[in-house]
Structure formats: structure tokens, C-alpha cells
2 protein chains.
Amino acid sequence: MSFRYALENYIKNPSFEKEARVYEDDKFVVIKDGFPKATIHYLILPKDLKISKQNPLTVFKNKELREDTSKIISQIREKILKRLRDEFNIEEDEDFIQVGVHSVPSMNNLHVHLVTRDFNSERLKHKQHYNSFTTKFFVNFEDLPLRDGDERLDADTMEKVKKTSDQICVYCGKNYKNKFAELKKHLTQEFNDKYKNKKRKIEVIEID
Amino acid sequence: MSFRYALENYIKNPSFEKEARVYEDDKFVVIKDGFPKATIHYLILPKDLKISKQNPLTVFKNKELREDTSKIISQIREKILKRLRDEFNIEEDEDFIQVGVHSVPSMNNLHVHLVTRDFNSERLKHKQHYNSFTTKFFVNFEDLPLRDGDERLDADTMEKVKKTSDQICVYCGKNYKNKFAELKKHLTQEFNDKYKNKKRKIEVIEID
DNA sequence: GAATCATAAC
DNA sequence: GAATCATAAC
């Protein structure tokens, strides 16, 4: 089996990677992305294999699926906001969570990304990672299903967008062109300025 | 001027990058490496340009230089141990600080590395970084000057060592072969187990 | 030295 | 998707 079906394990095998699962019901499983590209990065996987193998850009023509997924998204958004507050001391609203699909997914099982818009993660390692979430390569859930003729249905065009688009800082809009290393440093700075530098830390040495 | 002479600025221009300088006298300047490969990573630069352009493997035949450098090393070691304690809450002894030169330096101005043996740094990004400090590519200061016929004088051999040696964990000796990503994850784990997980942290939100 | 890009093999 | 390796251009 190709790496392209790695997500199928979560659907087929209820005991596979239980620690990665953050929500589950009869129709969906929600997991932590194994290589999170931001502070919080989840994937919603519909369990129905007939649905799972379809194209994410058109499968949401299925109204029941679309509505069920919408409900899951709402629930998971709340979960994320809570975890941001409790675990990361980050107070944000729903808009901070970006929801949608990659126009050209590498993984073949249908998965909807929920990702916080900080892009502060050591797993974010190159331009294509960044651009896959910050250009039109990323298709917002509200835009689904795409209509016939939508340019985002053209995989070659979208791949090119991901590969060749300039890198724009999501915090301040500055254009980092092809300078990923500089962008990366800047993202860390922006994140720390916004969240971390507001805190004062006290370290206490534990007595063994 | 090639990037190979980037360090020369520190020698020629007393006001260049003052923040990077951690020690300075008439004969030497010690700077923080711009891309530190461990918690603390300094470079000792002799200021004399006639010395600076010579081969690090043989230049320490000059007894005065060798003794002067030895004294600087002792002083800087103490500085590093203090900074480890005060700034990083790390209690270690002199052996924790590795001192020497690269057998094939990329930078042409003579520089002696002082690096802590944790190799916990986001700037450590690939096998050649790691191997340049953990194989015989790294020549300990006590071995200098090398004697005629020492294999480490052969640049091609040493480049090959750096490129092709297996990656061995400096903490536990485990062989990570060519798996840099795994080694990297493991180094973080080892570092945290050894230093960070001993501490209990309390975060206090600052009142604006 | 860093950094971008392309390319296998999984 | 990740990860290793090689290769320009600075």
C-alpha cells in the first residue's frame, strides 16, 4: 500500500493510533495531523470508504455529508478554542481556525484540515508547506463543492500556485518572496510577540 | 569578497556586530557563532591577519599562539560554564565543552570552535552539521598541530568522513545511520530528559 | 557557511 | 506526505 493511503488506517482500524484521535463517532474520526503545521492542526476523516476515496473538491455536493461535516467542524472548532486557551494560553476566536482542503491532496483519503492560523511549528519546513495553507491552493470549506470550471479544479495550475507563489506573512502581510528561512524566523517572532512575550515565566527547580 | 571571508569583518572592524562579541583583547576576539549548533557555540578568532589566514591544522606549531589560545580557551570555558548555570540552569563540567577546529573549514579565517556537547539547536539541520562535530572531521585543540602524515590533513578523506559517517548519538551511543530526522528527534528527547524535564515550570500571565 | 530547488525511493 | 541527497548561486 502506498503512503497515499496512510490515513485509511484510522478509518479501518478502530484501535490504530488511539492517542492521535481527538473525536470519534459513527461517521467521522478527527485526528491530530502527524506533522502539524501550526500550534493545532487536526484532520476530519469521514469513515465511509465510498466517500473517503472521492475528490474533496466535488464530494461535498452530497448535502448530507456537507451538513454532517459542518456540524463536526463547529464542534471541533470549540474543542480547539478551548485547547488554545487551556493548553497554550491563547485567546482567539473562530476566525483563527482555518478549515478546508488542499486542492491537490497528497493523501488519498478525504480529509478536511482544521489548522490554527499561527503557522508556528517546527514541522513547517519549506515553501510548499506554507503555501499549501496560505494560497488558493487551500480551498476553504465554505467554497465546497467547487462549481464546474473553477480554476481550482485544475491540479497542474494549483501545483504551480503552491510551488511558485510568493510567501506572504499571514500576520503582517509582508512579502517574503522565496525567502523561506527569513519568513520562518519572522513567523516565530510574530508568534512570540503576539502570545509568548505577554507572559512572564517563573522556573522552579524540582527537588528530587 | 566571498562568504569564506565573512569572519574577517570581526577582526578588521571593531564596531562590527558588537552584540555577537563575548570577549575581546588585543590578540583575540570571541564571538557567538551566527548559526549555533548547540546551546552555546562560540568561535575564537585570533586577530593577527597573518595568523588568521593560515591552516588551522598546522598553524599551532607557533608556540606563542598555541599558549595564548590555550589561556583564552580556559577563560572562555569558565564563561560558558557560568552562562550554562545562570541562563540555562545546566550544571556541567569542562568536559561538556568541546574545543577544536574543523579539518576542512568553510570559513577561511582561523577560528576555534567552543561548543557544548548537547547539540540541541534548531540550527543543526542535517547530517553534515552533526558529523562535522562528532566525527574525526572535528580535530580537538589538544591534537593541534597535526604531525606530518596525519590522515586528517587530507581534505578529501575528511570531507568523505563528514558526508558518509553514520550518525551516532553523543548521549547514548545509538547509531542513527543516515536517519537525520530520527536522530534530531532523539537529541531533543535526550536533552529534555537530561535538563528540561527536571524542572517544573509555572507560567504567570502578566497583567498589562 | 546558508538556502533554494529538484529528484529518488518509500 | 516525509526524508535523503545533490546542485547552483551567494
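Residue numbering restarts at 1 for every chain, and letters A, B, ... go by the order of the sequence lines.
Distances shorter than 4.0 Å separate some side-chain N or O of B/Lys125 from OP1 or OP2 on C/dA3. Phosphate proximity of D/dA3 to B/His126: absent, as no side-chain N or O sits under 4.0 Å from OP1 or OP2.
Mapping A/Pro105 and B/Glu182 onto DNA chain D by nearest heavy atom places A/Pro105 at the nucleotide closer to the 5' end. Between B/Arg4 and B/Lys127, it is B/Lys127 whose nearest contact on DNA chain D lies nearer the 5' terminus.
For B/Ser106, counting side-chain heavy atoms from C-beta on, the closest listed nucleotide (C/dG1, D/dG1, C/dT4) is C/dG1. Of the candidates C/dG1, D/dA3, C/dA3, the closest approach to any side-chain atom of B/Ala181 belongs to D/dA3. The side chain of B/Lys37 approaches C/dG1 more closely than any other nucleotide in the set D/dG1, D/dT4, C/dG1. Comparing C/dC5, C/dT4, D/dA2 by their nearest atom to the side chain of A/Asn178 picks out C/dC5. Set against D/dA2, D/dT4, D/dG1, the side chain of A/His129 has D/dA2 as its closest nucleotide. Closest contact between the side chain of A/Lys179 and the listed nucleotides D/dG1, D/dT4, C/dT4 involves C/dT4. Between D/dT4, C/dC5, C/dA2, one nucleotide has an atom nearer to the side chain of B/Phe35 than all others, and that is C/dA2.
As rounded to whole Å, 14 Å separates atom C1' of D/dG1 from atom OH of A/Tyr5. In this entry the distance linking NZ of A/Lys163 with P of C/dT4 reads 16 Å, nearest Å. When rounded to the nearest whole Å, the span between CD of A/Glu8 and C1' of D/dG1 equals 15 Å. Counting to the nearest Å, the P atom of D/dT4 and the OH atom of B/Tyr130 are 14 Å from each other. If you measure from atom CD of A/Glu159 to atom P of D/dG1, you get 10 Å, rounded to the nearest angstrom. D/dC5 atom C1' lies 16 Å from atom NZ of B/Lys160, rounded to whole Å. Rounded to an integer number of Å, the gap from A/Leu124 CG to C/dA3 P is 15 Å. The interatomic distance linking A/Gln128 (CD) with D/dA2 (C1') rounds to 13 Å, in whole Å.
Across all strands shown, C/dA8 remains unpaired; no Watson-Crick or G-U wobble contact has both distances below 3.5 Å.
Judged by centroid separation below 5.5 Å and plane tilt below 30°, B/Phe3 does not stack onto the base of C/dA2.
Note: B/Phe16 and B/Tyr10 have perpendicular aromatic rings, judged against thresholds of 30 and 60 degrees for the angle between ring planes.
B/Glu92 has no carboxylate O lying under 4.0 Å from a charged side-chain N of B/Arg85, or vice versa, which leaves the two without a salt bridge. Taking 4.0 Å as the cut-off between side-chain N and carboxylate O, A/Arg123 and A/Asp33 do not count as a salt-bridged pair. Using a 4.0 Å cut-off between charged nitrogen and carboxylate oxygen, B/Asp166 and B/Lys177 do not count as a salt-bridge pair. A salt bridge links A/Lys47 with A/Glu24: the closest approach of a Lys/Arg side-chain nitrogen to an acidic carboxylate oxygen falls below 4.0 angstrom.
B/Lys127 and B/Asn178 share a donor-acceptor pair across their side chains, judged by distance under 3.5 Å alone.
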